[in-house]
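The structure's right below; bear with me while I get my questions together.
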Amino acid sequence: MKKNLTRSVVIAIMKFSIIPALLLFFAFCSFASPVNSQDLLNKKITIRVRSEEVQAVLAEIEKLSGGKFMYSPEIIRSTRKVSLSAKNEKISDILTRLLQPLAIRYEVMNNYIILNREKDINGVLLSGLQISQYNSPPKVIRGNVSTASGDPLSGVSVTAKGTQTGTATDARGNFTLTVSESTNTLVFTYVGYQPVEFALAGREIISVIMQPDAKSLGDIVVVGYGQVKKNDLTGSVSTISLKEMKKVAVTSLDQAMQGRAAGVQITQNSGAPGGTTTIRIRGGNSIQGDNEPLYVIDGVPFKNDGVSSGASFNVLSTLNPSDIESISVLKDASSTAIYGSRGANGVVIITTKRGKSGAPVLAFESYYGSQKVRRKYPVLNGSEYATFLNDVNINDGRPAVFTQAQVDAFGKGVDWQDEIFRSAPMSNYQLSLSGGDEKTQYAMSGGYFKQDGVIVNSDFQRYSFRINLDRKINDRLKVGNSLSINRTVTNQSRTDGALGSSGLVTIAALQFPPIVPITNPDGSYVITSPYLAFTADNPVALARDGKNKNTAFRIFGNVFAEYKIIQGLNFRVVVGVDGILQKQDSYVPRSVSSGLSQGGLASIFNGQSVTWINENLLTYNKALGANHNISLLAGFTQQANRTENSSASSRSFVADNLGYNNLGLGAVALIPGSSVGTWGLQSYLGRVNYSFKNKYLLTGSVRSDGSSRFGKNKRYAVFPSGAFAWKINEEPFLKENKRISDLKLRVTYGLTGNQDGIGNYPAYSLLATQNYILNNATATGIGPNQIANPDLSWETTSQADIGIDLGLFNGRIAITADAYIKRTRDLLLNLTIPSTSGFSTAIKNLGKVENKGVELNIVSRNLTGAFQWTTELNISTNKNTVLDLGGASQIFAGEVANIGQNLNSGIIRVGMPLGSFYGYVTNGLYQSATEINDLLDPQAKKPGDRKYLDINGDKQINDNDRRIIGSAQPKYIGGITNSFAYHGFDLSVFLQGVSGNNILNANRFELEYLNGTNNQSKDVLARWTPTNTNTDIPRATSTRPANRISTRQIEDGSYLRLKTMQLAYSLPASTLKFLKVQSVRFYVTAQNLVTWTNYSGFDPEVNRFGQDSRSQGFDYGGYPAAKVFLAGVNVTF
Amino acid sequence: MKKQYFTLFLMAALLLAACSKILDKSPESNFTPDNFYRNAEDAKAAINAVYDLMNSNEMYNQVMWIIQDQSTDDSEWGNGRSTANQPKNDLDKYTFTPATTTFQSIWSICYRSINRCNAALERIPPIVMDEPLKARLLGEAKFMRGFYYFTLVRLFGDVPLVLKETTSLNNLQVARTASEDVYKQIIQDFSDAETILPVTYGAGDKGKATKGAAKAFLSKVYLTREEWAKASTKAKEVMDLGAGYDLWTNFADAFLIANKNGKESVFDIQANGLVSEGSLMQGYMRPPFDRVNNINGFGDDPPTQNIYNAYQAADTRRNATLRLYSATGTPAAPAAIVFPCYVSKYLDPGATGNGDGSNNFPIIRYTDVLLMYAEALNEQGAGNTEAYAAVNRVRKRAGLTDLAALGQSAFRDSVLLERRLELAFEGHRRYDLLRTKRLITAMNAQNPSIAIKPYQTLFPIPQTERDVNPLLTQNSGY
């Protein structure tokens, strides 16, 4: 039965897929030819004995197998007799059958099969790695290995010098090793630390302290489908220091990466709890397509895309940052090409914590903090607003609205910002347990995180659970899993909306007149008032009654099995799944105008997305002689996704209080919606790493991807890359140099692709619902909606990188510098096509974008004595240029809105960077009627109106007088961390900043409109009057000229921020011993403590358009950033 | 033991490797041409789609108000109202340029609809289905294609004439066709529709293009082209069709939700706010101070004093069409508004949301046919009694006295005034002023400061279109 199944499966594979079949064929071949003594056990023999002494049977097996048994006679009670019959069976199977009943276990060492009792004399289980030498009586050595600061080191390899006898330390740094009487020295080795040779001198209980090996800062680096020693890296990979990252209290891991890696620009789009970030690794390649990196968590790749607004839900927030073991950011093509069609934007590889053998380690981590708004927007108070309103009316020839006494009586009025902002707590609790024995390791954790937002009625909660298991089934087979289950609940405020749109909490709070009370005498929220020209949304009602909740449930994990076919050749199969269930509930209440006009609007959106992945990887490592080292990787992977969404909404509710919980209560049901999206990716990948004399390193990789998204004509593409690295310090002329401890030159080149951000079916001709009303009822209409493009294919990015790694003064200073140039061609552009076709846009492969830049990363251990001081600095610059737009010279982007004259705020122009702002240049105000007459500007009426530069000199101001007025792309980004440690205290100061970018502060449209319908920025106190003409704030009038997007709204977005400052104290070993705990660490942290910026809005980190590359740096009603103070404790038991 | 693990391991790997269909993902929640256009139901849905966009914001649910009312003497933006909407200002004050977005909106919406007509005309014929039904559906597609081209040619003059469905990204650049040839196609399409379309529809299809609508449009096309005899013939055919066209007793009744698609309606754009296919007029045209069911309006399309004063006091149509409000009323209007008045033709007291009116937008009412008939007859010779009968039928209902014994020119002026008052805010004013070459005079009479240059009577070809299609020439003057 099983045989049949196997056969049919093999046939099936031959039919469907050639490459995996070849892979497996290769595996079978290797399996049949033992090349190593380890494979002695796999040798097949035929033996038949009846009632013979064990010793004789063993002798027979020795003869047949060519191996030798080693055992002490008392293990085998020689009188015992056994029978055995085996025909062409593996020695391992025979031995198991023979020895198991005798409570004897065996180990193989070279050609020797060593027999042992199941338990040693003291009843201590012998480790699988321990090989006793039986010619002299054994002794047991116990000990502990720790760092100079007393932290236990787990996983340290402990061997008796000159033998194969060895073990490893457990999670608490403890070990027990049985060695022969003659052993005098133990050797301790651990990656990243200097090896220690410890002379026993008769002691049986020892304590070993290991010093970090400065030469190998960073040690092992996780790369695509594998890991390498940092020394052997040929590509450009940034690793993020988890120790520093953990000092930041964040909702999701992307936020914690900010400022930590050179060339990685991370912008928090919104201050909302659970809000999104925009990540650009070495600049944005794509105009229309996705520019976010590929995330690979425990081998499961996914994209955090589709974020259209700063306040959208962030998928990354469903993962608990405390579970992370390592983060690598792959930047150059040599590192990312192995991810082929999804590698162009860089790859972030994240691994989660796994168990280590040893006694269970229980850890508890918690912090509690408080957040408050970093900055309030200065707006007029009651009296100032009343005066302003009087001015508006007087200027328009009408009587003043208020007497001076009334004006004074308003006083401060209502500070609407105070009404919607609050001091908000945040807290985090995490309990984790890990440990295991030699064969099974486990790591599990549970966490709860809650962050209240600084705007009332906004918060984020996460419940997380993780379990990672590893099990060694036998010498060849290892299986394991990663699994995380998380639930997040986000209550979102409505912020970051379209220019001029209603219902946004923050902009409403800035605009609502301070002279209007919050509630009417009957307790209802004020909607109408003589001082509200339009029915506007009461910000307090909006914040308190408006509901916008996202509940997400994510199951993320994989199972894997790894089989050692022969020494050095491993086959790994991974099956993973990423399932996201999401529900978005929203209710616009009748207590605000936008809800009132619909009688209250409730909607529910349900989405489920399931991605599965399968990876089959074959790896082979081999040293050929002393000089050549080669490692090979071949793989076949496939991944597919299915996303199903549905939505329903209704309106006209009798009352607000049930919100979205019962759509049936709405008198009017709106048309429900649902959709299905699917995509699939099938890939073959291969990589060769070759090193010669450990001096010259070569890497070549290739991936071939097939994607369901593209046209039938262009479905597959190949992404190759190559890298060369030269360890110059290994050359004789540098080897003895005392100052230069490490010097490596890297050169890489390769191609990567992008296939995201264009939907699932961009190549198809699609029809859509186009309903009409017939006989007063809906009549289904269906017609053309998308034009087919069978030639649609990938965006391809070629990247060349040159870098050096330099270590000075025995590794005290480590410098990594890279320069790169990237060119992306065949951009997936939604191109405007003639409307006469019946379509306005179509996606084509057109255009080119270039990014080039320089990155520098320096780690300097300034002081290493009792007082330690380390500085980590990264700084990078990127220059982005649009080279070609498929023949067009420019494409408009950004916001188009009535209040901005329906002109686009942004432009994409050949020769300029993405994210350019486009508009008029203001040069002050008109001061006289003559000035107004000199220029024909339909918007200028009187002195005191804003004046614009006549750029084309035609004496009139119109659309042709616009030009590029700023860029959202920073010139420099960077971060610097200074860490100090003295005895148990450590202090870390982290500064992060960007420089040279602009922000379009669209709030100014509303707050400098001066027409007396809304509250205004405090700046309008300096407004133009016939007696106050030296100003750049226009006059107050109810017939204000239309607003123009101009340099008035463009601001410098540079900032430097004291992002994190943490002071911590770890209890000393003596106290710990007394408390019977492993470690205790207390800390206090301040985040966003100081921000140096000239930006006048809430915060310079803002992106109303989320990850959209075309329209970066746009601020309209953003969620303000918070200052955070928190205190925490980490305890390990 | 180990062997078994390995076998299992391989099996797992191989089973997964066998999923080879992974790259064949076709849309599951969208139709594609491959799995649609198969039967009569599909054909009907394809036809419903050709009507759809008339009821979109880019057409009769907003943009057309700007084009047809804002750009005439009937409505003026500003005068104390917010002037933030630039395209509206530009249409209003004739400061528009080829880049003004309104032009792109109407241009692209017409061609999108035309492509749907072309798709239906090409995809439906091969379907095996009831032949008379098929013929009727094709007739509807032709009617609507005629309608969209008639809109384009009147606004822009020469326009590209596309009569095939677009299925490929190649050869998308098309040159303009002389308006004479565009008109030929329009007449062809309406004539084909006229012969095949039914006089009335069964209940389920109420709202579709009828024989009467096709004839009325033909009359309008001929009127526009000053082919007076043909125009009067077609109008007369509508009147004699036996379709039951008649006038409601009261003018205001013609706009009641309850009387939708009633006897006075020849062709309407259908709307129903209760099923999310609403019209915006009831919400957008009322001012913010006017609340019905707690829903405030937006004050779009503000009427001018000029049209208000054009009504005689006895004219019952004035108060049905326009409503005054004041700074001293409750609630009060801002004092800054020079002439506080709004269009009250499209009220829907049952609307539950601002964009959820159930008001149809009348494209051709029967009174329009009567007035076209009167006008066409008068142009063929003064003193035609049938012409007087037709116009007086309209006047009588409005509570006005009969016209009598006017000269040809005076009769022409009277009919035009009648059209303005009877069909106010129904999208006719601009076309009427254009074809009678009175746009400039009328605008100056309303606001002398608005200076229309003669070339501005034709709108510019949208700049965006010319940017992507070098074959498109611009109208002279721009």
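Heavy atoms only: backbone and side chains are in, while hydrogens, waters and symmetry mates are out. Naming convention: chains lettered A, B, ... in sequence-line order (proteins, then strands); numbering from 1 in each chain. Fair warning: this is a prediction, and the values are worked out from it, not measured in the lab.
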Would you say that Tyr201(B) contacts Asn775(A) through its side chain, given a criterion of any heavy-atom pair below 4.5 Å between the two side chains?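 Counting from C-beta outward, Tyr201(B) and Asn775(A) never come under 4.5 Å.
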
Glu277(B) and Thr778(A): side-chain hydrogen bond (donor to acceptor under 3.5 Å, both in side chains), yes or no, with the steps? CA-CA 8 Å; Glu277(B) 288 275 336; Thr778(A) 307; over 6 Å; no

Less than 4.5 Å to any heavy atom of chain A: does that hold for the side chain of Glu165(B), its backbone, both, or neither?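 Answer is side chain: those atoms of Glu165(B) sit under 4.5 Å from chain A.
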
Quick check on Thr167(B) against chain A: is it the side chain, the backbone, both or neither that has a heavy atom closer than 4.5 Å?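 Interface part for Thr167(B): backbone (N, CA, C, O).
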
Please flag which part of Leu172(B) lies under 4.5 Å from any non-hydrogen atom of chain A: side chain, backbone, both or neither.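 Both backbone and side chain.
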
CA sep, side-chain torsions, deciding dist, call: Gln270(B), Tyr772(A), side chain to side chain contact (heavy atoms under 4.5 Å, CB included): CA-CA 7 Å; Gln270(B) 307 290 315; Tyr772(A) 191 60; 3.6 Å; yes

If you define the side chain from C-beta out and look only at heavy atoms, does anything of Thr32(B) sit under 4.5 Å from Leu766(A)?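 Result yes, sub-4.5 Å side-chain heavy-atom pair found.
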
Less than 4.5 Å to any heavy atom of chain A: does that hold for the side chain of Asp205(B), its backbone, both, or neither?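 Contact with chain A is through both the backbone and side chain of Asp205(B).
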
Evaluate the side-chain proximity of Ile782(A) to Asp42(B): yes if any heavy-atom separation is below 4.5 Å, no if none is.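 No, side chains not in contact.
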
Tell me, side chain or backbone of Gln786(A) under 4.5 Å from chain B's heavy atoms, or both, or neither?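 Neither part.
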
Could you work out, with ring pair (Phe, Tyr, Trp, His ring centres under 6.0 Å) as the rule, every residue matching Tyr148(B), not counting sequence neighbours?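 Testing Tyr148(B) for ring pair (Phe, Tyr, Trp, His ring centres under 6.0 Å), a comparison that skips the adjacent residues, returns none.
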
Side-chain contact, heavy-atom cut-off 4.5 Å: Ser837(A) with Asn115(B)?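 They are not in contact (no side-chain heavy atoms under 4.5 Å apart), so the answer is no.
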
What part of Asp268(B) gets within 4.5 angstrom of chain A, counting heavy atoms only: side chain, backbone, both, or neither?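 For Asp268(B), the contact with chain A is made by the backbone alone.
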
Less than 4.5 Å apart, side chain to side chain, heavy atoms only: is that true for Arg112(B) and Ser835(A)?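 Contact flag for Arg112(B)/Ser835(A) side chains = no.
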
Side-chain H-bond candidate by donor/acceptor type, Asn776(A) with Lys260(B), under 3.5 Å: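 Judged by distance alone, the side chains do pair up.
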
Heavy-atom distance under 4.5 Å to chain A: side chain of Ile269(B), backbone, both or neither?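 Both backbone and side chain.
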
Between Pro33(B) and chain A, with a heavy-atom cut-off of 4.5 Å, which part of the residue counts as in contact: side chain, backbone, both or neither?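 Both backbone and side chain.
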
